[in-house]
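The figures that follow rest on heavy atoms only: side chains count, while hydrogens, waters and symmetry mates do not. Residue numbers start from 1 in every chain, and the chains themselves are labelled A, B, ... in the order their sequence lines are given, proteins ahead of strands.
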Amino acid sequence: MPELPEVETIVRTLAPHVLNARIEAVNLLHPKSAHPLSLPLESLAGSAICGARRRGKLVLLDLEPAKPGPDSGDLLVIHLRMTGSLLPREHKAAPGKHTRCVFTLKDNPGNYQDLFFDDIRTFGKILLANKSILEAWPFWNELGPEPLEMSAADLKPRLRGNRQLKAALLDQKTIAGIGNIYADEALFQSRLHPCRKAGSLDAGDCERLLAAIQDVLLRSIAQCGSSIRNYKDADGNAGAFQNSFKVYGKGGETCPACGAALQKSRVGGRATVFCGACQK
DNA sequence: AGCGGGACCTGTGGGC
DNA sequence: TGCCCACAGGTCCCGC
């Protein structure tokens with residue numbers, strides 16, 4: 001489900017609910033929602049949440065363990081994949097059909113609250129990590145740079161080779177946080193064809209592409225992300241950027257730039273919409 | 001190297 | 001109304 005703008009929105013709305021709270025208990029309802037590399041989630045009990053951040057599409061909660069040691073976790077990593085969500089709920093609220101994990105939180109004044117990890121398709125993962133676990137996690141170690149903190153000069157050498165440009169953008173090793181929606185939107189805005197060979201972009205193309213990526217992501221964040229079906233932020237609100245899509249989900253409609261019919265095909269295994277006239 | 005296909009899951013929407 | 005198929009915001013793995 002969520003790409004960078006949605007995860008950013010989730011983290012921003014989640015932070016006031018969880019910062020400085022202590023995790024009193026964890027109830028893992030669906031064992032597969034724990035990442036195979038994770039420390040036991042029960043060992044979270046007693047940890048305080050001292051940070052809420054995003055890296056790519058990952059939600060990161062920084063922890064102060066009750067008993068710091070080599071076997072304790074100091075980072076809770078949550079990958080929402082397609083349908084994961086993080087929802088603050090009243091303490092002892094009944095889990096829903098798709099609730100996979102419940103974190104019981106206690107804030108400074110002593111009020112209890114539950115945090116639900118819901119996930120319809122159960123692709124999402126929760127990982128309680130420390131330094132050595134992160135070092136053993138390839139996805140983490142190979143994750144590309146943040147698109148909002150990089151330059152076109154950083155991007156250029158990452159777009160090597162013969163692979164299709166869109167496939168390169170979807171590869172989290174190239175850039176972190178871009179998914180199917182924002183790949184299509186950024187490629188349209190930069191007038192680059194999704195099947196262009198990644199290594200064929202010159203410096204000017206890279207500048208135009210990165211500018212488009214950053215513009216699309218920032219405009220989406222300003223609208224609290226895109227809500228196609230399931231996505232909601234931690235306050236239960238939907239985003240609005242889906243109303244600003246130029247091409248995503250619009251195969252067969254007219255190109256907003258030139259009026260030609262938008263083409264739909266499959267690139268990198270994903271549904272892809274682009275304008276064959278504008279994008280070269 | 002890089003692509004396509006399938007796997008992992010559940011739900012929804014369209015066509016008949 | 002109901003059934004069946006296609007498809008969905010992500011990633012990994014396999015074979016060609």
Side-chain angles (χ1 to χ4, degrees), chain A residues 1-11 29-37 54-59 77-86 95-101 117-127 137-144 147 158-187 194-200 213 216-217 220-221 223-233 238-245 247-252 264-273:
Chain A
M1 161 178 72
E3 305 179 35
L4 188 151
E6 292 75 39
V7 178
E8 179 68 25
T9 302
I10 287 166
V11 167
L29 304 169
H30 184 81
K32 286 190 171 177
S33 294
H35 191 285
L37 289 176
R54 176 193 60 73
R55 172 84 172 94
K57 300 171 190 172
L58 301 172
V59 177
V77 183
I78 300 166
H79 198 325
L80 302 166
R81 291 284 193 106
M82 297 288 265
T83 55
S85 61
L86 288 167
K97 185 175 176 187
H98 306 299
T99 304
R100 310 303 182 189
C101 189
F117 172 69
D118 282 18
D119 188 13
I120 297 169
R121 292 175 72 179
T122 69
F123 293 164
K125 297 289 177 202
I126 302 169
L127 170 58
W137 187 23
F139 183 87
W140 177 268
N141 289 311
E142 295 166 15
L143 197 51
R158 297 185 162 270
L159 294 176
R160 276 174 280 113
N162 290 320
R163 55 187 183 153
Q164 301 174 120
L165 180 55
K166 178 172 177 179
L169 294 180
L170 291 175
D171 182 351
Q172 301 298 293
K173 299 186 194 72
T174 309
I175 307 182
I178 296 180
N180 206 29
I181 293 176
Y182 300 102
D184 276 10
E185 292 295 318
L187 287 170
C195 299
R196 189 75 183 260
K197 286 183 179 179
S200 76
I213 289 169
V216 167
L217 295 177
S220 181
I221 290 170
Q223 303 245 29
C224 300
S226 307
S227 290
I228 311 285
R229 60 201 81 212
N230 301 307
Y231 163 73
K232 288 200 167 133
D233 69 22
F241 192 67
Q242 67 279 6
N243 300 317
S244 301
F245 291 164
V247 293
Y248 178 83
K250 295 184 183 291
K264 182 171 182 181
S265 68
R266 256 186 131 72
V267 181
R270 317 295 303 280
T272 298
V273 181

Roughly how far apart, to the nearest Å, are C:dG9 and B:dG13 at atom P? 15 Å

Can you tell me which nucleotide in C:dG10, C:dA8, B:dG4 comes closest to the side chain of A:Arg266? C:dA8

Among C:dG9, B:dC3, B:dC9, which is the nearest nucleotide to the side chain of A:Glu6? C:dG9

Within the pair A:Tyr182 and C:dG9, is there a side-chain N or O less than 4.0 Å away from OP1 or OP2? no

If the plane angle is over 60° it's perpendicular, under 30° parallel, otherwise tilted; pick one for A:Phe245 and A:Tyr248. perpendicular

Between C:dG10 and A:His79, is there an OP1 or OP2 to side-chain N/O distance shorter than 4.0 Å? no

With centres under 5.5 Å and planes under 30° as the test, does A:Phe123 stack with B:dC9? no

With rounding to the closest Å, how many angstrom separate the P atoms on B:dC9 and C:dC3? 25 Å

Please evaluate residues A:Asn180 and A:Lys166 with respect to the criterion side-chain contact (heavy atoms from CB on, under 4.5 Å), reporting the C-alpha separation (whole Å), side-chain torsions for both, the decisive distance (0.1 Å), and the verdict. CA-CA 9 Å; A:Asn180 206 29; A:Lys166 178 172 177 179; 2.5 Å; yes

Just the rounded figure in Å: distance from C1' of C:dC13 to NZ of A:Lys173. 12 Å

On the 0 to 90° scale, with breaks at 30° and 60°, tag the A:Phe139-A:His79 ring pair as parallel, tilted or perpendicular. tilted

Please compare A:Trp137 and A:Arg121 by the position of their nearest nucleotide in DNA chain C and report the one closer to 5'. A:Arg121

Grab the NZ-C1' distance between A:Lys97 and B:dG11 for me, whole Å please. 8 Å

Within less than 4.0 Å of OP1 or OP2 of B:dG11, is there a side-chain N or O belonging to A:His98? yes

For A:Ile120, which contact category applies under a 4.0 Å heavy-atom criterion: base, sugar-phosphate, or nothing? sugar-phosphate

Atom P, compared across B:dG6 and C:dA6: separation rounded to whole Å: 11 Å

State, without any angle test, whether A:Lys32 and A:Thr122 hold a side-chain donor-acceptor pair at a distance under 3.5 Å. no

Taking only side-chain nitrogens and oxygens of A:Asn162, does any of them come within less than 4.0 Å of OP1 or OP2 of B:dG2? no

How long is the line joining CG of A:Leu170 and P of C:dC12, in whole Å? 13 Å

Could you tell me whether the side chain of A:Thr9 and the main chain of A:Pro5 form a donor-acceptor pair under 3.5 Å? yes

Taking OP1 and OP2 of B:dG2, is either one under 4.0 Å from a side-chain nitrogen or oxygen of A:Lys197? no

Hydrogens and angles aside, do A:Glu3 and A:Tyr231 bring a side-chain donor and acceptor to less than 3.5 Å of each other? no

Kindly express the pairing pattern of DNA chain C in dot-bracket notation, using | wherever a base pairs with another strand and counting only Watson-Crick or G-U pairs under 3.5 Å. .|||||||.|||||||

With the side chain of A:Asn180 defined as its heavy atoms from C-beta on, choose the nearest nucleotide among B:dT10, C:dG10, C:dA8. C:dG10

Is the phosphate of C:dT11 approached by A:Lys57 (side-chain N or O, under 4.0 Å from OP1 or OP2)? yes

Which whole-number value in Å describes the distance from A:Leu86 CG to C:dG9 P? 20 Å

How long is the line joining CG of A:Asp233 and P of C:dG9, in whole Å? 20 Å

Shortest non-hydrogen separation from A:Arg158 to A:Arg163 and the atoms involved: O-NH2, 4.4 Å

Round to a whole Å and report the spacing from CG of A:Leu169 to C1' of C:dT11. 16 Å

Atom pair CD1 (A:Ile213) and CD1 (A:Ile175), whose distance is rounded to the nearest 0.5 Å: 4.0 Å

Hey, what do you get for CZ (A:Arg55) to CH2 (A:Trp140), rounding to the nearest 0.5 Å? 7.0 Å

Spacing between A:Arg81 atom CZ and B:dA7 atom P, to the nearest angstrom: 17 Å

Choose from B:dC3, B:dG11, C:dG9 the nucleotide whose nearest atom is closest to any side-chain atom of A:Arg270. C:dG9

Could you tell me whether the phosphate oxygens of C:dC7, OP1 or OP2, come under 4.0 Å of any side-chain nitrogen or oxygen in A:Arg229? no

Establish, with yes or no, whether the OP1 or OP2 oxygen of C:dT11 is under 4.0 angstrom from a side-chain nitrogen or oxygen of A:Gln172. yes

I need the CD-P distance between A:Glu8 and C:dG9, as an integer number of Å. 21 Å

Is there a side-chain polar atom (N or O) of A:Lys32 under 4.0 Å from OP1 or OP2 of B:dC9? yes

